[in-house]
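See structure below.
Just so we're on the same page: letters track the sequence lines, and every chain starts at 1.
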Amino acid sequence: MSKELTKRADNYSEWYNDLVVKSQLADHSAVRGCMVIKPYGYALWENMRDQLDKMFKETGHVNAYFPLFVPKSLFEAEETNAEGFAKECAVVTHYRLKADPNNKGKLIVDPEAKLDEELVVRPTSEAIIWNTYKGWIQSYRDLPLLINQWANVVRWEMRTRLFLRTAEFLWQEGHTAHATKEEAIEETVKMVNVYADFVEEYMAVPVIKGVKSASERFAGAEDTYCIEALMQDGKALQAGTSHFLGQNFAKAFDVKFSDKNNKLEYVWATSWGVSTRLIGALIMAHSDDQGLVMPPRIAPLQVVIIPIYKGDESKPVIDEKGHAMMSALKTMGIRVKYDDSDNARPGWKFAEYELKGVPIRVALGMRDLENNVVEVARRDTKEKQTISLNGIADYLKNLLNEIQQNIYDRALTFRNENITEADTFDEMVKLLDEKGGFISAHWDGTEETEEKIKEQTKATIRCIPLDNRQEEGVCIFSGKPSKERVLFARAY
RNA sequence: CGGGAUGUAGCGUAGCCCGGUUAUCGCGCCUGGUUUGGGACCAGGAGGUCGCAAGUUCGAAUCUUGCCAUCCCGACCA
């Protein structure tokens with residue numbers, strides 16, 4: 001493995017790719033557009049997943065699992081949704097292979113085994129789920145139905161990037177059914193808030209909560225709420241979405257319920273999801289030219305202890321102290337590793353754990369033990385301090401909290417410094433080219449204007465922020481009147 | 001899907017233009033030893049369908065064609 005990571009300033013996307021692979025989060029696979037998530041990356045995902053799952057359950061949701069395959073007839077039932085995803089669907093047409101008569105040892109698709117109806121590999125599960133809900137919902141007493149599933153989905157993207165856009169990705173998708181429009185909207189907003197809380201508090205990535213413009217809306221939704229994050233290169237990243245689906249799917253799949261007055265009504269729906277893409281957001285929000293910077297709360301490893309031996313006789317003494325410290329930290333619920341592996345020297349380990357973004361590194365050698373201290377190095381600031389062994393566990397626990405907060409504050413400052421108001425189109429173009437980030441500007445609310453701005457600048461409307469300040473102005477492009485600013489950015 | 005580039009050991013590479021013994025070097029790996037406070041050193045060793053498949057040729061990493069994959073730039077997108 002080469003030791004050098006591409007520098008962010010030299011080539012940001014190469015830095016990102018390099019980092020994902022060298023830090024062992026994931027790797028390209030033999031399958032086009034699909035990645036292998038390696039143990040370190042999967043441990044990170046598990047921590048994220050576990051916390052989100054807890055938050056979903058605290059808000060009343062339960063988990064279930066629906067099929068990977070969606071019969072084409074079900075898939076096409078909700079037309080807007082189907083059309084929106086049609087261009088990126090993997091489709092199963094056969095169910096059997098057979099030996100190739102003309103090519104020994106090879107297989108061909110058995111033409112006899114053609115499916116009567118093609119199966120779409122789910123790009124999202126609304127269709128199969130709403131078809132199922134039809135059988136589950138009869139009365140208002142069956143509502144609300146609050147279900148989440150952890151799954152993989154496939155979207156056949158033209159161009160893929162590790163974590164940010166892979167042909168197959170892991171995610172969760174919540175699908176809820178409600179008796180009233182108000183309740184469904186409330187659910188949609190509740191879940192975008194859950195996402196924002198998770199991403200900010202656990203991943204330490206500040207987000208802007210907002211609503212998508214009509215053209216950026218989820219196919220089949222009445223309204224799409226989202227959280228938008230800003231990456232270090234000034235590009236925005238959609239980190240999660242929550243959709244108010246109205247009665248579109250209820251009508252498409254004929255899901256009705258009897259209300260208290262025995263009147264048949266269509267059900268109101270929401271769906272919401274976040275994916276392994278969040279890992280991309282995490283990487284690009286915090287990491288530096290030395291490697292990953294993991295927020296302690298979801299870091300697979302929070303503390304690594306590295307013993308530094310001098311001569312064989314020092315090993316048992318150091319190991320004893322090291323193991324004691326590890327036990328104390330484990331008792332406090334801290335994820336810790338004592339790396340006494342023999343195949344690398346301390347300097348190599350230092351660099352390696354920096355690359356992997358472990359928040360705290362503790363070095364333990366005879367020199368320290370003689371003074372009853374250890375050397376504590378934090379990944380976020382790269383500061384090293386000599387700390388007394390007395391009360392070290394409490395010290396490290398507090399330090400983890402401090403690092404979590406510091407990473408968030410740093411990202412928040414950067415984000416806030418990169419939301420810039422523009423009052424003319426020229427100003428906006430200049431800002432996009434020279435500074436990047438979010439451009440806060442007036443927009444006339446039409447799709448035509450949005451499209452023209454996109455064509456000329458590659459920037460899209462990321463969102464109309466919730467609790468947006470109302471302000472009279474004129475559209476930056478058309479000069480027509482506008483009541484509020486929206487956020488534009490170039491995005492991933 | 002369009003334009004450009006690349007593919008040689010786990011990783012990074014030389015050789016290819018101009019076909020010809022046993023495919024170069026570094027890192028990593030294995031064995032033994034010395035080491036260990038910022039990516040150690042010495043000695044010995046293992047590891048290759050030269051992306052895949054056809055073709056040209058006495059002979060192909062090298063020439064031709066097709067395919068596959070990756071990267072960069074577009075279009076598409078969470």
Side-chain angles (χ1 to χ4, degrees), chain A residues 1-6 11-14 16-18 21-22 24 27-35 84-89 103 106 123-124 153-173 195 212 215-219 224 226-229 236-243 271-281 290-291 306-312 314-315 318 339-355 361-370 373-375 377 382 384 386 454-455 458 460 462 491-492:
Chain A
M1 186 189 296
S2 86
K3 290 161 190 169
E4 288 297 310
L5 197 59
T6 304
N11 185 338
Y12 194 82
S13 44
E14 205 172 299
Y16 174 84
N17 253 313
D18 247 25
V21 174
K22 287 181 178 161
Q24 316 258 304
D27 220 334
H28 295 284
S29 72
V31 190
R32 184 194 189 94
C34 297
M35 65 177 166
F85 284 101
K87 284 177 295 179
E88 44 189 318
C89 286
N103 206 343
K106 304 289 183 189
T124 180
V153 287
V154 169
R155 295 183 188 175
W156 212 263
E157 300 289 353
M158 297 296 182
R159 201 172 144 192
T160 58
R161 297 195 64 192
L162 294 169
F163 289 117
L164 293 175
R165 185 171 299 106
T166 44
E168 179 194 14
F169 55 94
L170 305 184
W171 78 343
Q172 59 66 219
E173 44 183 328
Y195 286 156
K212 287 289 183 191
S215 65
E216 296 279 327
R217 201 175 277 158
F218 177 75
T224 288
C226 62
I227 50 174
E228 292 285 327
L237 182 83
Q238 178 173 305
T241 46
S242 181
H243 315 292
S271 72
W272 28 274
V274 294
S275 72
T276 37
R277 184 182 226 205
L278 281 178
I279 294 175
Q290 275 68 50
I306 298 174
I308 297 159
Y309 305 119
K310 269 233 164 56
D312 284 345
S314 71
K315 190 168 190 310
I318 292 169
D339 188 354
D340 61 348
S341 60
D342 197 23
N343 54 5
R345 294 165 77 258
W348 193 92
K349 292 178 187 173
F350 293 174
E352 181 67 10
Y353 289 109
E354 268 163 27
L355 178 63
R361 178 185 77 232
V362 176
L364 187 61
M366 285 313 280
R367 201 171 74 194
D368 305 301
L369 292 186
E370 280 158 19
V373 296
V374 287
E375 182 192 79
K382 300 196 196 74
K384 287 192 248 189
T386 302
K454 184 180 174 181
E455 271 172 30
K458 291 185 212 155
T460 49
R462 300 322 301 160
Y492 278 99

Which whole number of Å gives the distance between the [atom1] atom of [N] and that of [M]?
{"N": "B:rC63", "M": "B:rC18", "atom1": "P", "value": "8 Å"}
{"N": "B:rG66", "M": "B:rC71", "atom1": "C1'", "value": "22 Å"}
{"N": "B:rU64", "M": "B:rC76", "atom1": "C1'", "value": "35 Å"}
{"N": "B:rC50", "M": "B:rA9", "atom1": "C1'", "value": "10 Å"}
{"N": "B:rA46", "M": "B:rC27", "atom1": "C1'", "value": "16 Å"}
{"N": "B:rU6", "M": "B:rA14", "atom1": "P", "value": "11 Å"}
{"N": "B:rG20", "M": "B:rG26", "atom1": "C1'", "value": "28 Å"}
{"N": "B:rU31", "M": "B:rG38", "atom1": "P", "value": "27 Å"}

Main-chain N/O of [Y] paired with [X] side-chain donor or acceptor, under 3.5 Å:
{"X": "A:T224", "Y": "A:K212", "result": "no"}
{"X": "A:E228", "Y": "A:A239", "result": "no"}
{"X": "A:N17", "Y": "A:E14", "result": "no"}
{"X": "A:Y16", "Y": "A:L162", "result": "yes"}

Got a sec, which residues hit side chain to side chain donor-acceptor pair (under 3.5 Å) with [X], two or more places apart in sequence or on another chain?
{"X": "A:S242", "result": "none"}
{"X": "A:Y309", "result": "A:D319"}
{"X": "A:D339", "result": "A:S341, A:Y353"}
{"X": "A:W156", "result": "none"}

If you look at every strand shown and take non-hydrogen atoms under 4.0 Å, does [X] touch a base, only sugar-phosphate, or nothing?
{"X": "A:L164", "answer": "base"}
{"X": "A:T166", "answer": "base"}
{"X": "A:G280", "answer": "nothing"}
{"X": "A:E157", "answer": "base"}

Residues A:E88 and A:R155 bridged, charged N to O under 4.0 Å: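 A:R155 and A:E88: not salt-bridged.
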
Earlier contact from the 5' end, RNA chain B, for A:A377 and A:F169: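 Taking each residue's closest nucleotide, the earlier one in sequence belongs to A:A377.
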
Contact nearer the 5' end of RNA chain B, comparing A:R361 with A:R462: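 Per heavy-atom nearest nucleotide, the more 5' residue is A:R361.
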
Any side-chain heavy-atom pair of A:N343 and A:W348 under 4.5 Å: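 When only atoms from C-beta onward are counted, A:W348 and A:N343 do not touch, as no gap falls below 4.5 Å.
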
Listed partners of [X] passing side chain to side chain contact (heavy atoms under 4.5 Å, CB included), at least two apart:
{"X": "A:A377", "answer": "A:R361, A:K384"}
{"X": "A:T166", "answer": "A:M35, A:F169"}
{"X": "A:A229", "answer": "A:V205, A:V207, A:M231"}
{"X": "A:A351", "answer": "none"}

Spacing of [X] atom [atom1] relative to [N] atom [atom2], expressed in whole Å:
{"X": "A:Y492", "N": "B:rC76", "atom1": "OH", "atom2": "P", "result": "18 Å"}
{"X": "A:E88", "N": "B:rC1", "atom1": "CD", "atom2": "C1'", "result": "14 Å"}
{"X": "A:M158", "N": "B:rG3", "atom1": "CE", "atom2": "C1'", "result": "15 Å"}
{"X": "A:W156", "N": "B:rC1", "atom1": "CH2", "atom2": "C1'", "result": "14 Å"}
{"X": "A:Q24", "N": "B:rC11", "atom1": "CD", "atom2": "P", "result": "13 Å"}
{"X": "A:K384", "N": "B:rG38", "atom1": "NZ", "atom2": "P", "result": "7 Å"}
{"X": "A:D18", "N": "B:rC11", "atom1": "CG", "atom2": "P", "result": "14 Å"}
{"X": "A:E455", "N": "B:rG74", "atom1": "CD", "atom2": "P", "result": "16 Å"}

A:F85 ring center near A:F218 ring center (under 6.0 Å):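 Ring centroids of A:F85 and A:F218 are less than 6.0 Å from each other.
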
Dot-bracket encoding of pairs in RNA chain B, which uses [ ] for pseudoknotted crossings and | for another strand, Watson-Crick or G-U under 3.5 angstrom: (((((((..(((.......[....))).((((((.....)))))).....(((((..]....))))))))))))....

Protein-nucleic acid N or O pairs under 3.5 Å, nucleotides 71-73 of chain B:
| residue | atom | partner | partner atom | Å |
| --- | --- | --- | --- | --- |
| B:rC71 | OP1 | A:H28 | NE2 | 3.3 |
| B:rC73 | OP2 | A:R159 | NH2 | 2.8 |

Any side-chain donor near an acceptor of the partner, A:H243 and A:S271, under 3.5 Å: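 Short answer, no.
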
Could you list, one pair per line, each protein nitrogen or oxygen that sits under 3.5 Å from a nitrogen or oxygen of nucleotides 32-37 of chain B, together with the distance?
| residue | atom | partner | partner atom | Å |
| --- | --- | --- | --- | --- |
| B:rU36 | O2' | A:Y309 | O | 3.3 |
| B:rG37 | OP1 | A:R345 | NH2 | 2.9 |
| B:rG37 | O6 | A:R367 | N | 3.1 |
| B:rG37 | O6 | A:D368 | N | 3.2 |
| B:rG37 | O6 | A:D368 | OD2 | 3.0 |
| B:rG37 | N1 | A:D368 | OD1 | 3.2 |
| B:rG37 | N1 | A:D368 | OD2 | 2.3 |
| B:rG37 | N2 | A:D368 | OD2 | 3.3 |

Output a table of nitrogen or oxygen pairs between the protein and nucleotides 44-46 of chain B separated by less than 3.5 Å.
none

